[in-house]
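Lettering follows sequence order; numbering is per chain, from 1. If you're wondering where the values come from, they're calculated on a predicted model, not measured in any experiment.
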Amino acid sequence: MESADLRVFRAVAREGSITKAALRLGYVQSNVTARIRQLEAELDTELFVRHNRGVTLSASGRTLLAYADKIVGLLDEATQALTSSDEPAGPLAIGSTQTAAAVRLPKLLASYYESYPNVRLSLSTGHTQTLLEQVLHYELDGSFIGCECDHPELRAIPAFEEELAIVSAASVADWAEAVTKPILVFAKGCSYRDVLDRWLSVNGLTQSVMMEFGMLEAIVGGVTAGLGISMLPKSVVRKQVAEGLVRIHDVPEPFRYMKTEFVMRKDSFVSSALQAFIAMLPGGGVQPESRLSDVEKGTGT
DNA sequence: CGGATAACACGTCTGGCACG
DNA sequence: CGTGCCAGACGTGTTATCCG
């Protein structure tokens, strides 16, 4: 079993299709088929269940995927550790919630890119749960998430604090009127939605009409058009408030403030690019218990 | 449409051998 | 003993085609 085989296997598992995985990897379908067949023969087990619309992981495949993620992640980390220099360079994959990406990150990323032009920075957005999974699977070097993280394998560094508010169309007088409207939310797994769910539950508003949206812009647009209300950071709708398009209604503690944290794997090598990124976080990414040890900085044993 | 298979091309690895 | 050359084996990739 070679690491290249595991990379091919992971791609097929993620895509759910040999053809799509081949396209993504830059191989032809037959080659990927052969690699998977070879892996299956070597392990004497079927890793995928074949059907006429692609493939799905078998139980054995799911077991192997967990190991493949770790093995490939460690190999990439080892490569990075050996090639990393003091001058930040190379790839840096960052994840973020849509709200942080829209409001907080543009300046930070621009400033980072200006300081370290040799770093190939990539930003992908998603919901907190998805982002956590991607960090755990070594797909992201780190990610901004909209909740306090206590996962044993992750280190969390406080990044920003957002003041949340109920956002409605400008014509809505107060929050009592606001909560009679449909509620526009992200899909489950979004931290803002979790706060909103708890807030609604505390206020006995469990029967509210929920409309799920995939994009922040769609929610803000829907609120502006009077379709419904939502719970969002004030910073996200600052412009719309100034233009008189929406009205914000304060929410009480403990729902009012939400921390955005930057999370990364505890056991991962911290490249110079990532180290520089952390240093650029508000407060320099340093908190009493989050200083990086020598080991984590890759300078220890 | 997506996966499997056969046939083939090409590059790399490996073992054997000769030579300095 | 180290080095260079060569032939065959092997691995990795392709195209073409078939099958469900």
Side-chain angles (χ1 to χ4, degrees), chain A residues 1-85 87 89-95 98 118-141 143 186-190 211-215 217-218 265 267-269 271-274 298:
Chain A
M1 193 192 312
E2 309 237 346
S3 66
D5 295 335
L6 291 179
R7 290 181 200 276
V8 170
F9 166 72
R10 286 200 333 151
V12 175
R14 299 258 186 275
E15 296 289 341
S17 157
I18 289 182
T19 302
K20 284 180 188 163
L23 204 64
R24 188 173 134 191
L25 294 166
Y27 296 148
V28 293
Q29 167 264 322
S30 59
N31 188 17
V32 174
T33 297
R35 300 284 284 263
I36 296 298
R37 281 274 171 214
Q38 206 176 320
L39 201 54
E40 288 180 326
E42 190 180 336
L43 297 170
D44 195 25
T45 183
E46 294 266 307
L47 298 170
F48 293 97
V49 178
R50 274 82 168 169
H51 43 84
N52 57 7
R53 282 281 165 233
V55 296
T56 44
L57 274 176
S58 66
S60 308
R62 281 193 293 277
T63 303
L64 180 64
L65 183 61
Y67 285 102
D69 280 338
K70 286 185 180 173
I71 293 165
V72 172
L74 283 170
L75 282 171
D76 289 346
E77 199 180 302
T79 307
Q80 222 174 0
L82 292 170
T83 56
S84 190
S85 65
E87 178 62 30
L92 180 63
I94 299 295
Q98 288 197 39
N118 293 328
V119 175
R120 294 198 306 281
L121 190 61
S122 67
L123 175 70
S124 51
T125 58
H127 301 311
T128 293
Q129 285 308 319
T130 314
L131 294 166
L132 285 173
E133 290 292 315
Q134 288 179 307
V135 172
L136 286 168
H137 290 147
Y138 298 89
E139 289 164 20
L140 294 172
D141 292 312
S143 179
F186 283 115
K188 281 199 182 297
C190 168
M211 294 186 191
E212 290 194 358
F213 288 76
M215 290 172 66
E217 291 82 359
R265 287 192 63 90
D267 60 0
S268 285
F269 168 76
S271 66
S272 53
L274 181 56

Heavy-atom donor-acceptor pair, A/R50 side chain to A/V55 backbone, under 3.5 Å =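 Not confirmed, A/R50 side chain does not pair with A/V55 backbone.
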inquiry  = Keeping A/S58 on the side-chain end and A/E46 on the backbone end, is there a donor-acceptor pair under 3.5 Å?
reply    = yes
Using whole Å, report how far [atom1] of [X] lies from [atom2] of [N].
{"X": "A/I36", "N": "B/dG3", "atom1": "CD1", "atom2": "P", "value": "11 Å"}
{"X": "A/E46", "N": "B/dG3", "atom1": "CD", "atom2": "C1'", "value": "13 Å"}
{"X": "A/Y27", "N": "C/dG11", "atom1": "OH", "atom2": "P", "value": "16 Å"}
{"X": "A/L25", "N": "C/dG13", "atom1": "CG", "atom2": "P", "value": "10 Å"}
{"X": "A/R7", "N": "C/dT12", "atom1": "CZ", "atom2": "C1'", "value": "17 Å"}
{"X": "A/E15", "N": "B/dG2", "atom1": "CD", "atom2": "C1'", "value": "14 Å"}

Set out, line by line, the N/O atom pairs under 3.5 Å between protein and nucleotides 4-6 of chain B.
unit_1 : atom_1 : unit_2 : atom_2 : d
B/dA4  : OP1    : A/R37  : NH2    : 2.8
B/dA4  : OP1    : A/R50  : NE     : 2.5
B/dA4  : OP1    : A/R50  : NH2    : 3.3
B/dA4  : N7     : A/Q29  : NE2    : 2.7
B/dA4  : N6     : A/Q29  : OE1    : 3.1

task = Compute whether any side-chain donor of one residue and acceptor of the other, for A/T33 and A/Q29, lie under 3.5 angstrom apart.
result = yes
request  = Begin with the C-alpha distance, continue with both residues' side-chain angles, and end with the deciding distance and a verdict on salt bridge (Lys or Arg N to Asp or Glu O under 4.0 Å) for A/E133 and A/R14.
outcome  = CA-CA 13 Å; A/E133 290 292 315; A/R14 299 258 186 275; over 6 Å; no
task = Could you tell me whether the phosphate oxygens of B/dG3, OP1 or OP2, come under 4.0 Å of any side-chain nitrogen or oxygen in A/S17?
result =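 Indeed, a polar side-chain atom of A/S17 lies that close.
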Donor-acceptor pairs are to be reported for all side-chain atoms of residues 4-12 of chain A against protein atoms at under 3.5 Å, with residues two or more places apart or in another chain.
unit_1 : atom_1 : unit_2 : atom_2 : d
A/D5   : OD1    : A/R35  : NE     : 2.9
A/D5   : OD1    : A/R35  : NH2    : 3.3
A/D5   : OD2    : A/E2   : N      : 3.3
A/R7   : NH1    : A/D76  : OD1    : 3.2
A/R7   : NH2    : A/D76  : OD1    : 2.9
A/R10  : NH1    : A/D69  : OD1    : 2.7

query = Out of A/R62, A/R37, A/E40, which residue meets the side chain to side chain contact (heavy atoms under 4.5 Å, CB included) rule with A/L47?
reply =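 Of A/R62, A/R37, A/E40, side chain to side chain contact (heavy atoms under 4.5 Å, CB included) with A/L47 is met by A/E40 alone.
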